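Before any comments, here is the structure.
Each chain gets a letter, A, B and so on, in the order the sequences are listed, and its residues count up from 1. Computed from a prediction, not measured in an experiment: that's the story for all the values here.
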Amino acid sequence: MPELPEVETIRIGLSRLLPGLVIKAVDCPNPKSFVAGAGDVRSFLLGAKVLSVKRRGKVLLIELSSHYSLVIHLKMTGQLVFKGSSVHFGAGHPSKSLIGKLPDKSTRVIFSFSDGNKLYFNDQRKFGWVRLLPTTEVPNIKFMQKLGPEPLESDFNWQVLKARLSRRPNTNIKAALLDQTVIAGIGNIYADESLWGAKIHPQRLVRSLSDANIKNLHFAIVAVLLMSIEKGGSTDRNYVDADGKKGSYLRFAKVFRRDGQRCPRCNTEIIKIRVASRGTHLCPHCQKLPKVTGK
DNA sequence: CACTTGACCTGTCCGC
DNA sequence: TGCGGACAGGTCAAGT
């Protein structure tokens with residue numbers, strides 16, 4: 001579930017904690033979670049200092065002084081949690097219980113730093129991965145090259161959104177929003193929330209959308225992503241930030257996982273359907289399907 | 001080529 | 001209580 005706001009929240013947390021730390025050891029309880037290129041990986045990891053923590057779409061980039069970078073994709077259940085060696089949590093601190101239990105059976109990679117701090121990559125379903133790549137090659141790997149624009153960059157306007165969507169004219173708008181080559185960073189939660197905000201039915205074909213629709217959608221995407229970052233992201237099942245804390249966005253969500261509840265705009269009951277083989281939440285009154293557009 | 005579906009995994013929940 | 005199966009959903013490979 002980590003989508004752009006969750007990954008950005010983790011990035012903000014890690015960029016407070018990691019820069020300047022020197023990697024002392026890396027353990028991989030699940031070797032498949034760590035994909036290293038050819039050559040002696042250890043020499044580019046051990047003794048390397050963390051320079052910065054960046055994000056592209058849903059991917060985290062940890063740049064090291066060895067001219068290599070750690071590239072991390074959390075997929076659905078990945079977590080990156082930092083455990084300080086000398087941090088004292090007050091009673092009832094939300095992260096105390098989780099952090100205290102690390103490592104656990106979902107721990108896939110452990111980074112140990114020379115000052116005793118540790119960074120845990122936990123991933124229940126093992127879909128996520130960590131790669132070590134030369135920093136200059138990171139933008140050249142296929143995954144990165146195919147990514148669409150960053151929706152929170154200042155040059156992402158409605159005309160850009162329209163141009164990107166034109167790559168997928170015959171699919172439904174929900175599938176297009178989930179396509180990372182169209183726009184980077186949107187997943188199931190923010191696709192549903194953005195479409196509700198723009199009053200667009202998820203099954204509308206992309207080519208049926210008017211300019212006004214696309215302007216509304218652009219506005220909704222940016223607003224929803226910014227609001228979620230402000231709330232620390234969404235915790236649906238197991239997302240936590242770098243401090244082990246959950247996000248609160250879902251308390252403010254309008255439709256996601258609110259089937260059976262009332263639309264805050266028109267009081268109609270929110271429904272859940274399947275679109276692009278994903279659970280999809282919408283208000284059937286605010287988000288109407290114009291005619292018989294397939295499916 | 002454009003688009004959709006299944007596989008990758010594990011934990012949880014639901015019905016029998 | 002236990003068990004089978006559906007479901008969760010990001011991305012790539014395979015299928016239509």
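- Between the side chain of A:S194 and the backbone N or O of A:A191 there is no donor-acceptor pair closer than 3.5 Å.
- For A:R257, counting side-chain heavy atoms from C-beta on, the closest listed nucleotide (C:dA8, C:dA13, C:dG10) is C:dA8.
- The nucleotide whose nearest atom lies closest to any side-chain atom of A:F127 is, among C:dA13, C:dG10, B:dT10, C:dG10.
- Atom CG of A:L178 and atom C1' of B:dT4 are 13 Å apart (whole Å).
- The interatomic distance linking A:R278 (CZ) with C:dC7 (P) rounds to 14 Å, in whole Å.
- Residue A:H73 places at least one side-chain N or O under 4.0 Å from the OP1 or OP2 atom of C:dT11.
- In this structure, A:Q180 atom CD and C:dG10 atom C1' are separated by 8 Å, rounded to whole Å.
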Would you write out the dot-bracket form of DNA chain B, 5' to 3', with Watson-Crick and G-U pairs under 3.5 Å, [ ] for crossing pairs, | for pairs to other strands and . for unpaired bases?
.|||||||.|||||||

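- Rounded to whole angstrom, the span from the NZ atom of A:K75 across to the P atom of B:dT10 amounts to 14 Å.
- The gap from the P atom of B:dG6 to that of C:dA6 amounts to 12 Å, rounded to the nearest Å.
- Rounded to an integer number of Å, the gap from A:Q124 CD to B:dC13 P is 11 Å.
- Positionally, the nearest nucleotide of DNA chain C for A:R125 lies more toward the 5' end than for the other of A:K146 and A:R125.
- Between A:D115 and A:K24 there is no salt bridge, since none of the side-chain N atoms of the basic residue sits less than 4.0 Å from a carboxylate O of the acidic one.
- For an aromatic pair to be called close, the ring centres must be under 6.0 Å apart, and A:F127 with A:H73 fails this.
- A salt bridge is absent between A:D27 and A:K118: the closest approach of a Lys/Arg side-chain nitrogen to an acidic carboxylate oxygen does not fall below 4.0 angstrom.
- Counting all heavy atoms, side chain and backbone alike, A:L225 lies closest to A:L152 at CB-CD2, 4.1 Å.
- Rounded to whole angstrom, the span from the CZ atom of A:R207 across to the C1' atom of B:dA2 amounts to 12 Å.
- The residues A:E193 and A:K254 are annotated as not salt-bridged, no charged nitrogen and carboxylate oxygen being separated by less than 4.0 angstrom.
- Between A:R131 atom CZ and C:dC12 atom C1' the separation is 11 Å, expressed in whole Å.
- For the P atom pair drawn from B:dC9 and C:dA13, the interatomic distance equals 14 Å after rounding to whole Å.
- Between the side chains of A:E6 and A:Y190, at least one donor N or O lies within less than 3.5 Å of an accepting N or O.
- The side chain of A:T171 sits closest to B:dT4 out of B:dT10, B:dT4, C:dC12.
- If you measure from atom CZ of A:R274 to atom P of C:dA8, you get 5 Å, rounded to the nearest angstrom.
- Among the nucleotides C:dT11, B:dT10, C:dA8, the one closest to any side-chain atom of A:K272 is C:dA8.
- Salt-bridge annotation for A:D123 and A:K75: absent, with no side-chain N of the basic residue lying under 4.0 Å from a carboxylate O of the acidic one.
- Taking hydrophobic clusters as Ile, Leu, Val, Met, Phe, Trp and Tyr residues chained together by side-chain heavy-atom distances below 4.5 Å, A:V222 shares a cluster with A:W158.
- Checking the phosphate oxygens (OP1, OP2) of B:dC9, a side-chain nitrogen or oxygen of A:K32 falls inside 4.0 Å.
- Here A:K142 does not reach the OP1 or OP2 of C:dT11: none of its side-chain N or O atoms lies under 4.0 Å away.
- Distances were taken from every side-chain heavy atom of A:F143 (C-beta onward) to each of C:dA8, C:dC12, B:dG11; the shortest belongs to C:dC12.
- Checking C:dT11, B:dT5, C:dA8 against every side-chain atom of A:S277, the shortest atom distance belongs to B:dT5.
- Interface residues of residues 163-170 of chain A facing DNA chain C, ordered by number: none; criterion, heavy-atom separation under 4.0 Å.
- The pair A:E3-A:K58 does not count as a salt bridge, with every side-chain nitrogen at least 4.0 angstrom from each carboxylate oxygen.
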